[in-house]
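Take a look at the structure below.
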Amino acid sequence: MATAGIPPTTLSPTKADGFTSAGRNAPATNGHYRNGSATTSDASSERIQIINDEKQFNPELTKQIEKWGLLSAGFDYNLVAVFGSQSTGKSTLLNRLFGTNFDVMDETRRQQTTKGIWMCKAKGANVLVMDVEGTDGRERGEDQDFERKSALFSLASSEVLIVNLWEHQVGLYQGANMGLLKTVFEVNLGLFGKKTPDGRNQRTLLLFVIRDHIGTTPLANLQATLTQDMQKIWDSLSKPPELKDRQLSDYFDLSFFALPHKVLVPDKFEAEVQELKKRFTEKPREDYVFSPAYHKRIPADGVAFYMEGIWEQVQTNKDLDLPTQQELLAQFRCDEISSAALAEFNEQSKSQKRPIETGKVVEGLGKMMRAWRSQALERYDRDASRYHQGVYKRKRVDLIGVIDSTLSALFLGQLKNLHKSSLASYKKEMLDGMRGEGYNFADVVASARARLEKRFLQGAQEALVEGTDWSYEEELGLLREEARIVADQCRKDETKKMVNVIERNFKKQISEPVDVYLNQPSPDMWDKVLKVFRETLDKAESSYLTKAKSFDCTDEENATALTTLRKRAWLALRAKIDEQTADTIFLGKLRNYFEERFRYDESGTPRVWKPDDDIDTAFRKAKEQTLELVPLYWKIKPLDLSLEFTLPSETSDSLTSTEEFDFPSTLVVFSETKALDLTNRFRKDADAYYVEAKRSMVSSVAQIPYWMYGVLVVLGWNEAMVVLFNPLYFTMLLILLVSAYVIVQLGMTGPVLQILKSLFSETHRQVEGRLRDHFSQPQLAQPVRASRSRSGTSNDEPERDVRRRNVEPY
């Protein structure tokens, strides 16, 4: 390989057959390299070795950029580099993505292909591509100086750094070059981490290309693993004081892409490469890699000078020096000892992981954790303390961090389980304490809460491990809050039960007095009802306040409960009023009230109406007095205004529902429409009583005079004597008298009279029908009947109406 100042050498580069046909190499051609550059027939496809394997920068880079036609491109160009282990196909990937012609490895020999750092222009695009010598190569062996410097140079100068690695390297520390990246990040932050003149951070995109991805592990999982590894590296960096608070995302963006196996599934490999290529060529895509935020803002004609300055800073930096052999040995042995101690520790802690996960409180967990931790550290100290002290202490801190991380999960699980079990015991103790009569709610809550905290604190303090910053205060605070919520709910439930009991007693106490007062209407009826309501409500409130003292309720809670009790009491009263003022019952009250004044006199004696009685005046007076009851019952309105009862309209039952309560509407017993309907219905009933009274008066007027009975006796004396002294007539009379006596004694007078009445009616109907048929004129009726049938009318109904009027009594 030729370098600056070294005579040119003849090489056989492989030339890609085009940007759109990546993956099929053209036949090898001989190219002449001058000062590390390969000349071909197409200047745009020439490549140049900008840094050789002797760590020298090529001064001919500016001329090569001019040959590529980029010297006047200004900012219209992009720079991408590849980084990864040796023989992972970096050059092959670049050739297929950008149409470059970097040398690729002969797979039959498995040896180093790229030495130093090479650059080529992408085919058909203003993209400068750097192919960096692979890391971990056997040719350099333990000489990692060039690996670090070339990686730092690539990271500091390129916009996009392609990190090329195999799928099986993900999750490895050395295999995935995580140790190298850590060193490079740390030095890069110190050298190039300052802000640019325009006030922005130097940002770089790290594009992880995962090779030979077979799909067993989803890309999302690989991405998560790499992201976690990068974040761990960043968190462990020794940052300058002014950059202590900076995050990984302030300087780097992470992107990921997986490629299938190149040999086993070549078609899929080529298809995915073409898909990846689109991220470099299609600007409208959301995942377009060349974001303006990554551009270094160096004009194309100054790129060579800029990169030479970066290489000079990288070369002179002492932070990239290799550690001493003593430190390397200490790192290796301390890692080995730490792994052995950690394996034993993991085996011990595994036994208690399952019980904790299932929600069990493990007795003596803290004692076991302290023993496991102590044994692991003692084993590490015994075997690792004789090595380099700086490495020994650093690795010991790392070991303690891993151990404490595992134990912390057990500690938090123990706290969670303690929380659940303690809260369950607290609820049970609360319910047990509230069984029976005469308990003090506040005392039950206080004693249960004291046992709860004592139980939790004992378990939490036992689980603590010395030397850790663990705390159970947050969990204790949550437990106290949940205990308070449980106590409040119990108090609410008990208050609800107490209010329900008081409400039932209230209903019993108020039922009979309200019935009495509503059945004896008077102008002060509502005064009596509201007076007994207030007296009963005062007793109920006093009963509540007496019992609520043991509940440790706040004044606000008592006020809410009392408001609820008043509302329920009022609704209970209103329900009783509704029961007594239902349509049927209220009409019955009006009828009874009317009868008492119309059918009975002032002394309560039933009236027998006589022709000279003023029935109209009595009827009108009784009806007017009765109708005065409708406005009396219409609304709850006492004469004594001090007895008026009020509730806020927004009052709601906090123990049952949140529905709005309209108190003024509850004062109205009857609506105007209902009052009018009841009045009309009562008028009809009253009119019926009036007609009945009139009929009784007519029947009394139509009575036979008493002197007529004397006339009948005189005129019928002979006939009576004939009956008495005629054996046949006398026997028949005797039989009739005995039969009448038996009927009266057996209480069959009514049924017999009903039978006789039915028999008389039927006989009368039959006789009337026969006579009507006998005296009718069928010759004249037939044409008339026919004409009526033709006209669609019938005269039967008027005839029936006439007959009904003739026979219907007054």
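We count residues from 1, following the sequence as given. Note that these values count all heavy atoms, side chains included, but never hydrogens, waters or copies made by symmetry.
- Between the NE2 atom of His261 and the NE2 atom of His213 there is a distance of 13.0 Å, given to the nearest 0.5 Å.
- Side-chain contact, Lys55 with Gln315: no donor N or O sits under 3.5 Å from an acceptor N or O.
- Interatomic distance, Asn58 CG to Ile51 CD1, rounded to the nearest 0.5 Å: 9.5 Å.
- Annotation: the span from Lys277 atom NZ to Glu270 atom CD amounts to 9.5 Å, rounded to 0.5 Å.
- Of the possible polar contacts, one joining the Gln389 side chain to the Ser385 backbone as a donor-acceptor pair under 3.5 Å is found.
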Inset, instruction - Given side-chain contact (heavy atoms from CB on, under 4.5 Å), test Met119 with Leu79 step by step and report yes or no. - result: CA-CA 10 Å; Met119 179 180 285; Leu79 187 59; 3.9 Å; yes

Inset, instruction - Show your reasoning for whether salt bridge (charged side-chain N to carboxylate O under 4.0 Å, His left out) applies to Glu275 and Lys278. - result: CA-CA 5 Å; Glu275 184 64 27; Lys278 294 178 182 178; 3.6 Å; yes

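- With sequence neighbours excluded, no residue satisfies salt bridge (Lys or Arg N to Asp or Glu O under 4.0 Å) with Asp229.
- Within the 4.5 Å cutoff, no side-chain heavy atoms of Thr62 are placed close to those of Ile65.
- Using modelled atom types and a 3.5 Å distance limit, the side chains of Tyr294 and Asn78 yield no donor-acceptor pair.
- Residues passing the ring pair (Phe, Tyr, Trp, His ring centres under 6.0 Å) test with Phe208 are Phe256, sequence neighbours excluded.
- Side chain of Asn126 to backbone of Asp76: a donor-acceptor contact under 3.5 angstrom is found.
- Arg96 places no side-chain N or O within donor-acceptor distance of the main-chain N or O of Val273, the cut-off being under 3.5 Å.
- Rounding to the nearest 0.5 Å places CD of Glu167 at 11.0 Å from CD of Gln169.
- For Phe280, the ring pair (Phe, Tyr, Trp, His ring centres under 6.0 Å) partners are Phe98, Phe290, not counting sequence neighbours.
- A donor-acceptor pair is defined here as one N or O able to donate and one able to accept, closer than 3.5 Å; such a pair exists between the side chain of Asn346 and the backbone of Leu342.
- For Ser157, there are no side chain to side chain donor-acceptor pair (under 3.5 Å) partners, not counting sequence neighbours.
- Interatomic distance, Tyr392 OH to Cys334 SG, rounded to the nearest 0.5 Å: 8.5 Å.
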Legend entry - Worked verdict on Tyr380 versus Arg396 for side chain to side chain donor-acceptor pair (under 3.5 Å): CA-CA 8 Å; Tyr380 174 82; Arg396 191 179 193 275; over 6 Å; no

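- Between Thr100 and Lys123 the shortest side-chain heavy-atom distance does not fall below 4.5 Å.
- Other residues, nucleotides and ligands place more than 12 heavy atoms under 6.0 Å from the CG atom of Asp235.
- Although no hydrogens or angles enter the test, the distance criterion places a donor-acceptor pair under 3.5 Å between the side chain of Asn52 and the main chain of Gln56.
- A donor atom on one side chain and an acceptor atom on the other are not found under 3.5 Å apart for Tyr288 and Arg279.
- Without hydrogens or angle criteria, Arg211 side chain to Gly89 main chain gives a donor-acceptor distance under 3.5 Å.
- Evaluation of the side-chain contact (heavy atoms from CB on, under 4.5 Å) rule for Glu357 yields Lys353, Arg354 as partners, not counting sequence neighbours.
- Within 6.0 Å of atom CD in Glu474, 12 or fewer heavy atoms from other residues, nucleotides or ligands are found, so the atom counts as exposed in its surroundings.
- The aromatic rings of Phe252 and Trp234 stand perpendicular to each other, their planes meeting at an angle above 60°, with 30° marking the opposite boundary.
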Legend entry - CA sep, side-chain torsions, deciding dist, call: Trp311, Phe57, ring pair (Phe, Tyr, Trp, His ring centres under 6.0 Å): CA-CA 8 Å; Trp311 181 251; Phe57 191 87; 7.6 Å; no

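- Within 6.0 Å of CD in Glu282 there are more than 12 heavy atoms belonging to other residues, nucleotides or ligands.
- The structure places CG of Leu254 at 5.5 Å from CG of Leu248, a figure rounded to the nearest 0.5 Å.
- The closest donor-acceptor contact from the side chain of His295 to the backbone of Tyr77 lies under 3.5 Å.
- In this structure, a donor-acceptor pair under 3.5 Å is absent between the side chains of Asp404 and Thr468.
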Legend entry - Full working for salt bridge (charged side-chain N to carboxylate O under 4.0 Å, His left out) between Asp253 and Arg203: CA-CA 8 Å; Asp253 289 334; Arg203 297 179 65 82; 2.5 Å; yes

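- Not a single ring pair (Phe, Tyr, Trp, His ring centres under 6.0 Å) links Phe345 to another residue, sequence neighbours left out.
- At distances below 3.5 Å, not a single donor-acceptor pair connects side-chain atoms of Glu159 with backbone N or O atoms of Val80.
- A donor-acceptor pair is defined here as one N or O able to donate and one able to accept, closer than 3.5 Å; no such pair exists between the side chain of Trp118 and the backbone of Asp103.
- A donor-acceptor contact shorter than 3.5 Å is absent between the side chain of Ser405 and the backbone of Gly401.
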Inset, instruction - Quick one: do Arg379 and Glu344 satisfy salt bridge (charged side-chain N to carboxylate O under 4.0 Å, His left out)? Show the steps, please. - result: CA-CA 10 Å; Arg379 177 171 179 175; Glu344 183 180 357; 2.7 Å; yes

